[in-house]
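I have placed the structure first, in the form of structure tokens, so that the comments after it can refer back to it.
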Amino acid sequence: MVMACLPQLRVEVWRVFNVIPSSLTLREVARRAGLSHSRVHRLYRYRLPEFAQVRFVPDFKEMNLLPLAVAVSRSVERAPPFTRSFRKAYAAGRRMWIAVAYVPTAYLDRYLAELPEPLFTVRGLEFEKWRPNPAVAYRYGYLLPVESKLLEGVGGRPVEWGVSRRSPDRIDVAIVTIKFFMDAYMRLVQIARLATRLDPSFPATYRQLLSVHYRRHVIARLWRYNSIVLYCDVRMNPVRAYYLVGRDAAVAARALIKLPMMYSALIDVDAAIVFGQPPPGYLAVIYQLLSQLDVEMPYGEIVLDPADITAWLNPYWAFTDGREWMWPEEARARIQLIRRGES
């Protein structure tokens, strides 16, 4: 059944979902969804975590951080800096490990050099996560695909990025990092405390200064939308990766990320990868879509091992001096100099 592993949503939750992508606060969510702030707060803090996470999606190109997925044929003792996750996965006739990272463009080659020879590499010249869209219909509490809408507005080729070490301000990076990896609606004061706990060199900041950075820098230049990641128990429905190659790889990935329970899509030139937990009832929709396009999956459907998950919350704000990204070894040396007053 399509419903297997899909959460059943109340109408009020679907109303909340529809306004989350363009709402900056839970108070704004409540106003636009026509619900009380206390009701939305209870839903967000206590009900939604059972099946959903809300994440801030930044403009990675503006940040000069390239999303990256790299598959290798053996594990490593230590993942390179900037790695978010490193997971064992299975395909027909092959085991692999997939690293997902967010790497400054100037350090792409250095990052790849610290991994074994890759089976494949996908750059996220475009990066998308799921949000409500016209290809999804709400029916009797469930989110169902509207197949006729999947291929609407998905054309065009990804644009290559330039290469530089340019970075945003450290405070901006801390706000974006924590809202992207943890919670789109985490309060700024909580973000500052967490940033200081993870990196004691993070500058002491006051609420007013945080607010200025958030409004004038983060929202004005770095925020794209908020995403909603729907999930279920990975023991019932493992996370899959769809590695796509071919002329229509970008088109296929942009279409697949419209489906609920798809997590993220990294889109390169003639290659892409989409991660998610599509329920069994979506599989016919997925493969019917792919059958229409000039695209191949060299490894078939890749299944990530639910028992082998390694992920890190990298303090990216420690990897920049506020103007340029630094390789973490350089960043640590810079922080030491700052502490000694030598710069």
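Treat the numbers as computed from the prediction; the structure is a model and nothing was measured.
- Taking the ring centroids of F82 and F319, they lie under the 6.0 Å cut-off.
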What verdict does the salt bridge (Lys or Arg N to Asp or Glu O under 4.0 Å) test give for R78 and E114, after you've listed the backbone C-alpha separation in whole Å, the side-chain angles of each residue and the deciding distance to 0.1 Å? CA-CA 9 Å; R78 182 180 179 184; E114 295 208 2; over 6 Å; no
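- Residue pairs meeting the salt bridge (charged side-chain N to carboxylate O under 4.0 Å, His left out) criterion with at least one member in residues 279-289: none, sequence neighbours excluded.
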List, one per line, each side-chain donor-acceptor pair under 3.5 Å for residues 171-186, sequence neighbours excluded.
from: D172; atom 1: OD1; to: H213; atom 2: ND1; distance (Å): 2.7
from: D172; atom 1: OD1; to: H217; atom 2: ND1; distance (Å): 3.3
from: D172; atom 1: OD2; to: H217; atom 2: ND1; distance (Å): 2.9
from: T177; atom 1: OG1; to: V173; atom 2: O; distance (Å): 2.7
from: K179; atom 1: NZ; to: A184; atom 2: O; distance (Å): 2.6
from: K179; atom 1: NZ; to: M186; atom 2: O; distance (Å): 3.2
from: D183; atom 1: OD1; to: Y44; atom 2: OH; distance (Å): 2.5
from: D183; atom 1: OD1; to: Y185; atom 2: N; distance (Å): 2.9
from: D183; atom 1: OD2; to: R45; atom 2: NH1; distance (Å): 3.0
from: Y185; atom 1: OH; to: I20; atom 2: O; distance (Å): 3.3
from: Y185; atom 1: OH; to: S23; atom 2: O; distance (Å): 2.8
from: Y185; atom 1: OH; to: N226; atom 2: ND2; distance (Å): 3.3

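- Here the side chain of W161 pairs a donor or acceptor atom with the backbone of L125 at under 3.5 angstrom.
- In this structure, the side chains of Y225 and S22 stay at 4.5 Å or more apart for every pair of heavy atoms.
- Using a 4.5 Å cut-off between side-chain heavy atoms of Ile, Leu, Val, Met, Phe, Trp and Tyr, with links allowed through other members, Y140 and Y138 fall into different hydrophobic clusters.
- Put simply, the side chain of Y242 reaches to within 4.5 Å of the side chain of E301, judged on heavy atoms.
- Listed by chain and number, the residues in a ring pair (Phe, Tyr, Trp, His ring centres under 6.0 Å) with Y287 amount to none (sequence neighbours excluded).
- Considering only heavy atoms from C-beta on, V57 stays 4.5 Å or farther from E128 through its side chain.
- Remark: the backbone N or O of W317 is paired with a side-chain donor or acceptor of R170 at under 3.5 angstrom.
- Between the CZ atom in F120 and the CD1 atom in I273 there is a gap of 4.0 Å [rounded to 0.5 Å].
- If you take CD on Q292 and CD on Q288, they are separated by 6.0 Å, rounding to the nearest 0.5 Å.
- Between the side chain of D321 and the main chain of E324, a donor-acceptor pair closer than 3.5 Å is present.
- Residues F60 and L66 are not in side-chain contact: their nearest non-hydrogen atoms beyond the backbone lie 4.5 Å or more apart.
- E160 has no carboxylate O lying under 4.0 Å from a charged side-chain N of K61, or vice versa, which leaves the two without a salt bridge.
- In this structure, Y111 and P104 have side chains that are not in contact, with every pair of non-hydrogen atoms separated by 4.5 Å or more.
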Going by atom type alone, with no hydrogens or angles, which donor-acceptor pairs under 3.5 Å involve a side-chain atom of residues 253-268 and a protein atom two or more places apart or on another chain?
from: R254; atom 1: NE; to: E126; atom 2: OE1; distance (Å): 2.9
from: R254; atom 1: NH1; to: V154; atom 2: O; distance (Å): 2.7
from: R254; atom 1: NH1; to: G155; atom 2: O; distance (Å): 3.1
from: R254; atom 1: NH1; to: G156; atom 2: O; distance (Å): 2.8
from: R254; atom 1: NH2; to: E126; atom 2: OE1; distance (Å): 3.3
from: R254; atom 1: NH2; to: E126; atom 2: OE2; distance (Å): 2.8
from: R254; atom 1: NH2; to: G156; atom 2: O; distance (Å): 3.0
from: K258; atom 1: NZ; to: K149; atom 2: O; distance (Å): 3.1
from: K258; atom 1: NZ; to: L150; atom 2: O; distance (Å): 3.2
from: K258; atom 1: NZ; to: E152; atom 2: O; distance (Å): 2.6
from: Y263; atom 1: OH; to: Q277; atom 2: OE1; distance (Å): 2.4
from: D268; atom 1: OD1; to: R123; atom 2: NE; distance (Å): 3.2
from: D268; atom 1: OD1; to: R123; atom 2: NH2; distance (Å): 2.8
from: D268; atom 1: OD2; to: R123; atom 2: N; distance (Å): 2.9
from: D268; atom 1: OD2; to: R123; atom 2: NE; distance (Å): 3.1

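- Taking CD of Q190 as the start and CG of L194 as the end, the distance is 9.5 Å to the nearest 0.5 Å.
- Using a 3.5 Å distance cut-off with no hydrogens or angles, the side chains of S167 and N64 do not pair a donor with an acceptor.
- No close placement of the W312 and F86 rings is indicated, their centers lying 6.0 Å or farther apart.
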Stepwise ring pair (Phe, Tyr, Trp, His ring centres under 6.0 Å) test for F51 and Y231: CA-CA 5 Å; F51 57 84; Y231 58 85; 7.8 Å; no
Assess the residue pair L289 and L151 against the criterion (side chain to side chain contact (heavy atoms under 4.5 Å, CB included)); give the C-alpha distance rounded to whole Å, side-chain angles, the decisive distance to 0.1 Å, and a yes or no. CA-CA 8 Å; L289 168 74; L151 289 175; 3.5 Å; yes
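- There is no side-chain donor-acceptor pair under 3.5 Å between T320 and R165.
- No donor-acceptor pair under 3.5 Å is formed between the side chain of R55 and the backbone N or O of S227.
- Residue V146 is not grouped with residue L290 when hydrophobic side chains (ILVMFWY) are merged at heavy-atom distances under 4.5 angstrom, including chains of intermediate members.
- No path of Ile, Leu, Val, Met, Phe, Trp and Tyr side chains, each step under 4.5 Å between heavy atoms, connects V303 with L119, placing them in separate hydrophobic clusters.
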Go through it in stages, so that I can follow the logic: the residues are S75 and M96, the test is side chain to side chain contact (heavy atoms under 4.5 Å, CB included), and I'd like the CA-CA distance, side-chain angles, deciding distance and then a yes or no. CA-CA 8 Å; S75 186; M96 63 180 71; over 6 Å; no
V70 and L112: CA distance, side-chain angles, deciding distance, side chain to side chain contact (heavy atoms under 4.5 Å, CB included) verdict: CA-CA 8 Å; V70 185; L112 292 173; 3.7 Å; yes
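- Within 6.0 Å of the CZ atom in R42, the count of heavy atoms belonging to other residues, nucleotides or ligands exceeds 12.
- Side-chain contact between R157 and D270 is present, with at least one heavy-atom pair separated by less than 4.5 Å.
- Summarising the geometry of V295 relative to A252, their closest heavy-atom pair is CG2-CB, 4.5 Å, with the distance given to 0.1 Å.
- Counting only N and O atoms by type, the side chains of T25 and R187 include no donor and acceptor under 3.5 Å apart.
- For the atom pair CG of L244 and CG of L293, the computed distance is 9.5 Å after rounding to the nearest 0.5 Å.
- Formation of a donor-acceptor pair under 3.5 Å by the N314 side chain with backbone atoms of Y316 is not found in this model.
- T196 contributes no side-chain N or O that, together with a main-chain N or O of P200, makes up a donor-acceptor pair within less than 3.5 Å.
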Please lay out, stage by stage, how E12 and V16 fare under the test side chain to side chain contact (heavy atoms under 4.5 Å, CB included). CA-CA 6 Å; E12 64 179 356; V16 165; 5.6 Å; no
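- Atom CD of E117 is separated from atom CG of L115 by 10.5 Å, given to the nearest 0.5 angstrom.
- In this structure a side-chain-to-backbone donor-acceptor pair under 3.5 Å is present from R240 to P238.
- From C5, atom SG reaches atom CG of L230 across 12.5 Å, with rounding to the nearest 0.5 Å.
- M63 and V163 are not part of a single hydrophobic cluster, where members link through side-chain heavy atoms under 4.5 Å apart.
- Within the structure, side chain to side chain donor-acceptor pair (under 3.5 Å) contacts touching residues 88-103 (residues at least two apart or in different chains) are Y90-D305.
- Listed by first and then second residue, the salt bridge (charged side-chain N to carboxylate O under 4.0 Å, His left out) pairs involving residues 272-297 are R247-D294 (not counting sequence neighbours).
- Cluster annotation: V159 and F127 are assigned to distinct hydrophobic clusters (Ile/Leu/Val/Met/Phe/Trp/Tyr, side-chain heavy-atom contacts under 4.5 Å, transitive).
- Using a 4.5 Å cut-off on side-chain heavy atoms (C-beta onward), W130 and V136 make contact.
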